[in-house]
Amino acid sequence: MAAAEHLTELEAFAREVAGCTRCRLAEGRTQVVFGVGDPNADLMFVGEAPGFHEDKQGIPFVGQAGKLLDKLLAGIGLERSHVYICNVLKCRPPGNRDPVPDEKEACEPYLFRQVELIRPKVIATLGNHATKQLSGKETGITRVHGQEQRLKVGSFDVLLYPLYHPAAALYTPAMLTVLEQDFARLPELLGRTVAPPVEAAPPLVEVAAEPAVQLGLF
Ligand code: URA
């Protein structure tokens, strides 16, 4: 049997996108950064666009913001391999500038197809660009972070959960605290299917509830 016949639909789609020339970003990129993680993940993260390191390695969130994302995941008992991570734009904008409308428009079908193939329960959007792109609304992240909203992608229902972008939280301690608090609600939103509570014998005496997550990121 030819090797190509063993590809999942998502892998086949990634190969197709690897040759994309729909916008100017194709000219300056090292490679398309399609996405990584579990193709059947319940939780999908969508960031903004690849940066310098992502462009070189072909993997989203491998720089400082990615390290913070890893810590936040660990704080709720998850690893990268349990979730799926991608970006609104699959190619690096020059100098890491913000994505512009025609680039987002050109890339949008790729993101929507990824969502349809992965069928996550929750999409956590990281920052303004991903949140606006997926919600289809202009309301900024400061107003909507931490508030889940039902979303239809094609015929598919999913929960959209906007979060601050980890890159922004890296330099703003108050924002990091909010991001940690918002992150701590993810297990609840996922119905605890990815972080099942540890089975414990019933306590003999009543004990005070522990704080849900203590990340100690400072
Ligand atoms: N790295 C990514 O892959 N995406 C971002 O949005 C930021 C850093």
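Atoms within a ligand are numbered from 1 in the order they appear, just like the ligands themselves. One-based numbering along the sequence shown. The structure displayed is predicted, hence computed values, not measured ones.
- Checked for salt-bridge contact, Glu103 and Arg22 miss the test: no charged N lies under 4.0 Å from a carboxylate O.
- At a 4.0 Å cut-off, at least one heavy atom of Ala49 sits close enough to ligand 1 to count as contact.
- Checked for salt-bridge contact, Asp102 and Arg24 meet the test: a charged N lies under 4.0 Å from a carboxylate O.
- Comment: Lys132 engages Glu138 in a salt bridge, judged by a side-chain N to carboxylate O separation of less than 4.0 angstrom.
- Counting heavy atoms closer than 4.0 Å to ligand 1, residue Glu54 contributes side-chain atoms (C-beta onward) but none from N, CA, C or O.
- No heavy atom of His129 sits closer than 4.0 Å to any atom of ligand 1.
- Of all protein heavy atoms, the one closest to atom 4 (N) of ligand 1 is Asn87 OD1, 2.8 Å.
- Lys56 forms a cation-pi arrangement with Phe52, by the criterion of a distance under 6.0 Å to the ring centre and an angle within 45° of the ring axis.
- By the 3.5 Å distance cut-off applied to N or O atoms, Gly51 is not counted among the residues near ligand 1.
- Ring-centre distance between Phe183 and Phe45: below the 6.0 Å cut-off.
- Arg150 and Asp157 are not joined by a salt bridge, as no carboxylate oxygen comes within less than 4.0 angstrom of a charged side-chain nitrogen.
- Ligand 1 places these atoms under 4.0 Å from at least one heavy atom of Pro60: 3 (O).
- For ligand 1, the atoms closer than 4.0 angstrom to any heavy atom of Gly47 are 6 (O).
- Close approach to His165 involves these atoms of ligand 1, each under 4.0 Å from a residue heavy atom: 5 (C), 6 (O), 7 (C).
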